[in-house]
Amino acid sequence: MEALDEQIFAALRSAERVVALTGAGVSAESGIPTFRDAMTGMWAKYDPAELATSEAFGRDAERVSRWYDERRCNVAACKPNGGHMALARLEQILGRRRKQFTLITQNVDRLHQAARSRDVIELHGTLWVWRCVRCGTETEERGGAFEVYPPHCSCGGVKRPAVVWFGESLPMAAMRRAQDAAAGCDLFLSLGTSSIVYPAAGLVDVALRNRAMVVEVNAEETPISARAHWSIRGKTGEVLPRIVEGAFGI
Ligand code: BJW
Ligand code: ZN
């Protein structure tokens with residue numbers, strides 16, 4: 001991993017309003033496959049267009065709900081890593097200094113909450129909640145696997161995971177908060193996301209238009225790397241603890 005620039009630490013120390021946007025890469029070191037990793041990504045085995053859409057659920061609700069429930073059960077065995085911990089610590093430190101910190105995630109695993117981040121904006125929903133397609137009732141599912149696929153609501157309707165599929169709108173309140181935070185921040189951190197899925201991928205442009213500094217941490221180059229003020233090639237589980245430590249000490 002490359003040496004970290006002292007200017008990044010200084011930017012984090014002096015920022016008044018910080019936004020962090022996280023993607024699947026932040027959970028990769030916890031053992032959760034990313035979406036687009038060519039070799040090991042879960043979409044090497046499954047075509048996303050075939051599973052992460054309401055059309056797919058309409059065609060084969062059993063298959064889609066099994067896939068999501070399998071993922072829910074796998075995530076239950078995973079723990080937050082150094083990247084999640086560093087972001088929870090950053091929230092605490094900035095809170096104590098009366099600075100604003102907004103954590104926006106595209107991840108559906110709730111590992112930020114497991115690491116004790118208190119305020120997490122979930123743009124793409126969560127694997128843990130399932131919603132009845134008939135009456136809209138949402139239930140949190142924490143136990144073992146379901147008995148039947150798809151699971152059913154007491155009203156007789158089928159339940160689907162409360163995640164955002166392609167072609168669906170993002171939860172309005174979450175998106176509005178995310179957009180406001182991006183528009184008002186002076187430092188935007190883009191962490192472990194491929195920056196290709198919209199509208200989340202557009203948040204960095206909102207921040208840049210408002211003259212925020214942008215730090216990207218990603219294992220690989222992305223479409224926003226060239227526009228970021230600093231683009232760090234590395235693993236968030238290793239880089240983020242070093243950034244927080246470099247800026248604020250242990
Ligand atoms: C590491 C690492 C380590 C690895 N450390 N880094 C053109 C313009 C605008 C929009 C569109 C468009 N064409 C189509 C659209 C619409 C579409 C879209 O954006 N498609 C793109 C593919 C082009 N968007 C939508 O449909 C959204 N809705 C919408 O736009 O509504 C309005 C509308 C309605 C009708 C028609 C048109 C518009 C909804 C998007 C919902 C996304 N949902 C998913 C699935 C959630 C449920 C589930 O989990 O199954 O969300 S898709 C998937 O992608 C998931 C993720 O949250 C999201 C983002 O992925 P992410 O997090 O960036 O992960 P990866 O895997 O892509 O990348 C991992 C990165 O980590 C890589 O860069 C690695 O290098 C890196 N990495 N290890 C650091 N250790
Ligand atoms: Zn119902």
Side-chain angles (χ1 to χ4, degrees), residues 1 21-44 46-57 64-65 67-72 74-75 81-84 86 104-110 122-139 150-172 174-175 189-205 216-225 231-241:
M1 195 197 338
L21 171 68
T22 65
V26 169
S27 291
E29 289 154 89
S30 292
I32 299 173
T34 66
F35 293 88
R36 277 164 212 86
D37 185 316
M39 299 308 291
T40 58
M42 62 178 97
W43 291 358
Y46 301 97
D47 178 355
E50 247 183 61
L51 291 170
T53 64
S54 60
E55 290 77 22
F57 189 73
V64 173
S65 59
W67 184 56
Y68 276 94
D69 200 40
E70 206 178 290
R71 287 172 55 198
R72 175 177 68 93
N74 289 341
V75 163
N81 63 56
H84 299 104
I104 307 167
T105 191
Q106 300 167 81
N107 297 344
V108 294
D109 54 34
R110 293 217 163 144
E122 293 181 321
L123 286 183
H124 292 163
T126 172
L127 287 175
W128 295 102
V129 174
W130 288 60
R131 184 173 65 238
C132 174
V133 299
R134 185 188 288 173
C135 73
T137 300
E138 295 196 334
T139 46
H152 281 72
C153 175
S154 52
C155 81
V158 294
K159 291 202 265 185
R160 57 160 281 180
V163 298
V164 182
W165 283 327
F166 283 114
E168 294 184 328
S169 303
L170 275 64
M172 215 195 303
M175 194 55 207
L189 312 173
S190 177
L191 310 170
T193 175
S194 57
S195 295
I196 56 174
V197 176
Y198 283 83
L203 291 171
V204 68
D205 295 306
E216 173 181 60
V217 183
N218 198 300
E220 289 169 24
E221 197 176 317
T222 77
I224 72 154
S225 300
S231 184
I232 302 162
R233 224 40 78 246
K235 295 183 172 176
T236 43
E238 294 167 7
V239 176
L240 290 177

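Atoms within each ligand, like the ligands themselves, are counted from 1 in listed order. Position 1 is the first residue of the sequence, and the numbers go up from there.
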Asks: Is the closest N or O pair between S169 and ligand 1 shorter than 3.5 Å?
Replies: no
Asks: For ligand 1, which atoms, with element, lie under 4.0 Å from some heavy atom of G23?
Replies: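 Listed by number with element, the hits are 62 (O).
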Asks: Does an N or O anywhere in V197 fall below 3.5 Å from an N or O of ligand 1?
Replies: no
Asks: Distances under 2.8 Å only: what protein N/O/S atoms are near the Zn ion (ligand 2), ordered by chain and residue?
Replies: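 Only C132 SG, C135 SG, C153 SG, C155 SG fall inside 2.8 Å of the Zn ion (ligand 2).
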Asks: Are any of the N/O atoms on F35, whether in the backbone or the side chain, positioned under 3.5 angstrom from an N/O atom of ligand 1?
Replies: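 Yes: some nitrogen or oxygen of F35 is under 3.5 Å from one in ligand 1.
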Asks: Does ligand 1 come near enough to K235 that some N or O of the ligand is less than 3.5 Å from an N or O of the residue?
Replies: no
Asks: Taking 4.0 angstrom as the limit and counting only heavy atoms of A28, give me the atoms of ligand 1 inside it, by number and element.
Replies: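 Answer, ordered by atom number: 78 (N).
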Asks: Examine A219 against ligand 1 and note whether any of their N/O atoms are separated by less than 3.5 Å.
Replies: yes
Asks: Starting at CD1 of I224, measure out to OG of S194 and round the result to the nearest 0.5 Å.
Replies: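 The CD1 atom of I224 sits 10.0 Å away from the OG atom of S194.
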Asks: Given side chains that start at C-beta, do those of P199 and L170 come closer than 4.5 Å, heavy atoms only?
Replies: yes
Asks: Number the atoms of ligand 1 from 1 as they appear, then name those within less than 4.0 Å of a heavy atom of V108, with their elements.
Replies: 49 (O)
Asks: Quick check: T236 and ligand 1, any N/O pair under 3.5 Å apart?
Replies: yes
Asks: Given Y198, Y68, F166, W165, which has its nearest heavy atom closest to atom 22 (C) of ligand 1?
Replies: F166
Asks: For ligand 1, which part of I196 has a heavy atom less than 4.0 Å away: the side chain, the backbone, both, or neither?
Replies: backbone
Asks: Using a 3.5 Å cut-off on N or O atoms only, is T222 in polar contact with ligand 1?
Replies: no
Asks: Apply salt bridge (Lys or Arg N to Asp or Glu O under 4.0 Å) to the pair R131 and E168, showing each step before the final yes or no.
Replies: CA-CA 15 Å; R131 184 173 65 238; E168 294 184 328; 5.5 Å; no
Asks: I'd like to check which ligand 1 atoms, numbered from 1 as shown, lie under 4.0 Å from a non-hydrogen atom of G234.
Replies: 5 (N), 79 (C)
Asks: At a 4.0 Å cut-off, with the gap strictly under it, does some heavy atom of G125 reach an atom of ligand 1?
Replies: no
Asks: Rounded to the nearest 0.5 Å, what separates atom SG in C135 from atom NZ in K159?
Replies: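 The NZ atom of K159 is 9.0 Å from SG of C135, to the nearest 0.5 Å.
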Asks: So between E216, R71, H124, whose heavy atom ends up nearest atom 49 (O) of ligand 1?
Replies: R71
Asks: To which of A24, G167, S27 does the heavy atom nearest atom 26 (O) of ligand 1 belong?
Replies: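 Looking at heavy atoms only, G167 sits closest to atom 26 (O) of ligand 1.
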Asks: Counting heavy atoms only, name the option from P199, G192, A200 that's nearest to atom 69 (C) of ligand 1.
Replies: G192
Asks: Determine whether the side chains of E216 and S231 contain a donor N or O and an acceptor N or O closer than 3.5 Å.
Replies: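 Indeed, the side chains of E216 and S231 share at least one donor-acceptor pair under 3.5 Å.
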